[in-house]
*Asks:* 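Structure incoming, see below.
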Amino acid sequence: MAPARRSKSRTSTPSPLTEYRVWPFSSPFLASLALLFVVRSLSAFYNTTFDCDEVYNYWEPTHYLMYGSGFQTWEYSPEFALRSYLYIAIHSTLGTILSSIFGFQSHVAVFYAMKCALGLICAACEAFFVSAVMRKFGSAVAVYTLVYLSFSSGMFVSSTALLPSSFAMYALLIAQAAWFLERPALVIFSSAVAAILGWPFVLLFIFPIALDMLLRYRLLSVFVAGASMIALIPPMIMIDFVYYERMFLAPWNIVKYNVLEDHGGPELYGVEPPSYYFINMALNFNLAFVLAAVSVLFVFIFRKWSTSMVDIPLKRLLLYLSPMYLWFGVMTYLLPHKEERFMFVIYPTVCLAAGMTTVVLQNIAETLVCASSYPTSRKTHQYYFVRGLVISMCTIFVLLSVSRAFALHLNYGGATASYIALEKSLIQADGVLPESVGDAVDTIDVCVGKEWYRFPSSFFLAPATSSQRSRLRFLKSGFGGQLPQPYLERSNGAAIVQPHFNDRNAEEVTRYTPISECDYIIDLFEEEGDTVASQFMQTYTELFDGKGEEGRKGWEVIFEAPFLNVGKSTSSLFRALYIPFYSQTKNVYGTYAVLKKREPRS
């Protein structure tokens with residue numbers, strides 16, 4: 001038996017839980033912000049950068065704008081011009097301000113300060129979103145949404161990433177919050193920011209929101225959309241003209257390349273089956289993903305059982321959930337090329353949908369208890385039992401999420417630790433930062449081979465001084481695609497068309513350097529039982545030009561860190577989750593190492 005529909009008294013006489021200012025000084029906002037910022041700060045320091053696209057397409061151009069050096073990918077070549085420098089300029093300005101305020105000398109410190117700033121921005125957007133959820137759906141949905149946002153490993157990874165999809169996620173948090181609060185101008189402007197400054201493909205996610213705005217606020221929608229384009233597009237074109245020295249619209253170029261042109265497009269970088277995203281979402285959200293996946297069914301069938309959503313029309317509830325299903329369906333079944341970052345934009349909506357399902361399940365159980373013929377005292381115990389079950393479910397979610405975050409850091413953090421050790425070695429070699437003497441500038445070449453994609457960015461190379469500078473070089477390895485090349489270090493270096501770029505991911509052999517020119521080598525050595533030194537010889541024997549043992553003896557290991565050997569760690573469970581006292585024994589670890597040439601090259 002479904003419960004009788006509630007009266008509208010909640011609307012006419014709001015409870016204390018819903019009597020607050022939503023932005024920005026409400027107590028729910030501040031409480032959410034405090035929790036979220038703590039968690040996002042942990043993400044800033046302990047979340048490993050897994051996506052080489054984040055490094056080479058965003059951190060490297062940011063380093064170039066701030067310090068005049070970095071790697072350029074083909075997307076930033078004026079010949080193709082797929083990326084806008086406006087997004088980069090915003091973050092390089094942020095980094096410059098933080099560096100000036102705190103007086104950082106180490107670029108690594110600037111890197112982590114920027115990630116903390118990104119975490120604070122994300123936390124503020126999430127707190128506004130949670131406050132709007134509380135106003136629209138009630139305190140119970142808001143609390144569970146906050147739990148899923150705060151502790152999911154998906155949000156842990158996406159919240160502090162320097163990626164357009166993360167930036168779009170921030171803007172869409174604001175857009176959805178404004179949507180719930182009936183603030184159409186803010187909805188449209190935030191959506192425009194997400195699509196123009198962030199990632200143009202989020203127009204797919206925005207489509208149901210835009211359709212709702214257009215049907216309900218036709219003239220206002222057209223006006224604000226036009227004003228938003230006038231406010232955002234000209235600055236983008238002007239900034240790009242400064243760096244590219246040509247007029248164009250970057251969002252259009254990237255859409256044209258990926259959708260309209262017939263040259264392989266994103267499929268050049270690999271394709272995955274639909275199961276890729278199901279596995280990925282299960283790892284990042286565990287129980288919350290299951291709850292989110294079935295949310296539309298629970299809302300459709302059991303909405304009248306929920307005290308939080310019974311007064312909201314069914315059409316609007318389904319509309320609020322539709323962007324998540326639309327995005328997931330298209331990305332999973334229609335696009336062959338798949339990346340984890342493509343799902344970032346729906347992560348907050350997944351948390352909301354899971355929160356809604358959790359509340360519906362709780363309300364159903366409580367209604368059944370209320371309708372039973374048991375004495376009042378027994379009903380009270382059953383209420384507590386229901387709440388206990390829900391709390392237990394949330395506790396399992398938190399434990400699995402924390403376990404996942406620990407596994408990512410402990411299994412793969414060795415790469416970042418190696419580059420931090422490298423920076424310390426470079427600084428020690430040059431003396432005290434930043435003072436140094438001497439007229440000649442010595443270039444220290446740090447070389448990587450097959451592990452090129454785990455380079456965390458030029459922020460982890462020591463700052464240039466008057467006598468020394470360091471740079472990354474590539475060794476020939478098994479990778480057969482196109483690697484980036486350094487920006488030309490001159491005032492208009494970004495505007496010059498460098499040779500040896502292509503849009504087909506074809507290998508460019510000009511990227512490689514001889515091993516004789518390397519001063520440091522960073523690599524992953526995965527063989528069990530063998531020392532790093534012996535594995536080093538086996539790996540690079542062909543590059544030593546016949547010097548054999550003599551070549552090996554010219555190097556010393558200055559740092560080692562454990563790194564998961566995925567191929568030899570046969571248990572998917574222990575790879576995916578950290579289980580104390582068991583993971584270390586069940587997994588097989590290789591060694592991430594920094595090797596230094598014993599005698600500097602002449």
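Nothing here was measured: the structure is a model prediction, and the numbers come from that model.
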*Asks:* Distance from Asn253 atom CG to Leu260 atom CG, nearest 0.5 Å?
*Replies:* 11.0 Å
*Asks:* Does Val497 offer a backbone N or O that forms a donor-acceptor pair with the side chain of Ser77 under 3.5 Å?
*Replies:* no
*Asks:* Are Gln176 and Phe129 close enough that some pair of their side-chain heavy atoms sits under 4.5 Å apart?
*Replies:* yes
*Asks:* Give, for atom CE of Met114 and atom OG of Ser99, the distance between the pair rounded to the nearest 0.5 Å.
*Replies:* 10.0 Å
*Asks:* For the residue pair His337 and Asn258, establish whether any side-chain heavy-atom pair is separated by less than 4.5 Å.
*Replies:* no
*Asks:* Assess whether side-chain contact (heavy atoms from CB on, under 4.5 Å) is satisfied between Asn47 and Phe156, documenting all intermediate values.
*Replies:* CA-CA 7 Å; Asn47 176 31; Phe156 183 82; 3.8 Å; yes
*Asks:* Please determine whether the number of non-hydrogen atoms from other residues, nucleotides or ligands lying under 6.0 Å from atom CZ of Arg246 exceeds 12.
*Replies:* yes
*Asks:* Would Ser32 and Glu126 count as having a side-chain donor-acceptor pair, cut-off 3.5 Å?
*Replies:* no
*Asks:* Tell me if a side-chain donor or acceptor on Arg83 pairs with a main-chain N or O of Tyr58 at a distance below 3.5 Å.
*Replies:* no
*Asks:* Using atom types as modelled, flag every donor-acceptor pair under 3.5 Å from a side chain in residues 142-152 to any protein atom, sequence neighbours excluded.
*Replies:*
residue	atom	partner	partner atom	Å
Tyr144	OH	Gln362	OE1	2.5
Thr145	OG1	Val141	O	2.7
Tyr148	OH	Thr358	OG1	2.8
Ser150	OG	Leu146	O	2.7
Ser152	OG	Tyr148	O	3.2
Ser152	OG	Met155	N	3.2

*Asks:* Could you tabulate the donor-acceptor pairs under 3.5 Å formed by side-chain atoms of residues 196-215, not counting sequence neighbours?
*Replies:*
residue	atom	partner	partner atom	Å
Asp212	OD1	Arg316	NH1	3.3
Asp212	OD2	Trp179	NE1	2.8
Asp212	OD2	Arg216	NH1	3.2
Asp212	OD2	Arg316	NH2	2.8

*Asks:* Taking Trp252's backbone N and O only, do any of them form a donor-acceptor pair with Tyr257's side chain (distance below 3.5 Å, no angle check)?
*Replies:* no
*Asks:* Rounded to the nearest 0.5 Å, what separates atom CD in Glu79 from atom CG in Asn502?
*Replies:* 9.0 Å
*Asks:* Is it true that a side-chain atom of Lys338 and a backbone atom of Thr332 form a donor plus acceptor pair closer than 3.5 Å?
*Replies:* yes
*Asks:* Verify, without hydrogens or angle tests, whether Ser92 (side chain) and Leu65 (backbone) share a donor-acceptor contact under 3.5 angstrom.
*Replies:* no
*Asks:* Measure the acute angle between the ring planes of Phe289 and Phe328, then classify it against the limits of 30° and 60° as parallel, tilted or perpendicular.
*Replies:* tilted
*Asks:* Do the ring planes of Tyr347 and Phe344 sit parallel (below 30°), tilted (30 to 60°) or perpendicular (above 60°)?
*Replies:* tilted
*Asks:* Ignoring hydrogens and geometry, is there a side-chain-to-backbone donor-acceptor pair from Tyr76 to Asn57 under 3.5 Å?
*Replies:* yes
*Asks:* Please tabulate, for side-chain N and O atoms in residues 166-175, each donor-acceptor pair with protein atoms closer than 3.5 Å (sequence neighbours left out).
*Replies:*
residue	atom	partner	partner atom	Å
Ser166	OG	Ser158	O	2.7
Tyr170	OH	Ser159	O	2.5

*Asks:* Where does the angle between the aromatic ring planes of Tyr87 and His91 fall among parallel (under 30°), tilted (30 to 60°) and perpendicular (over 60°)?
*Replies:* tilted
*Asks:* Of the options Tyr487, Phe459, Tyr56, which is the one that meets His63 in a ring-ring contact (aromatic ring centres under 6.0 Å, His included)?
*Replies:* Phe459
*Asks:* For Val55, does its backbone N or O pair with a side-chain atom of Glu60 as donor and acceptor, under 3.5 Å?
*Replies:* no
*Asks:* What distance separates Gln72 CD from Gln498 CD, expressed to the nearest 0.5 Å?
*Replies:* 5.0 Å
*Asks:* If you measure from CG on Leu163 to CH2 on Trp59, what distance do you get to the nearest 0.5 Å?
*Replies:* 10.0 Å
*Asks:* Examine distances only and state if a side-chain atom of Asn280 and a backbone atom of Glu340 form a donor-acceptor pair shorter than 3.5 Å.
*Replies:* no
*Asks:* Would Phe342 and Tyr277 count as a ring-ring contact (aromatic ring centres under 6.0 Å, His included) here? Give the steps.
*Replies:* CA-CA 10 Å; Phe342 293 172; Tyr277 280 138; 7.2 Å; no
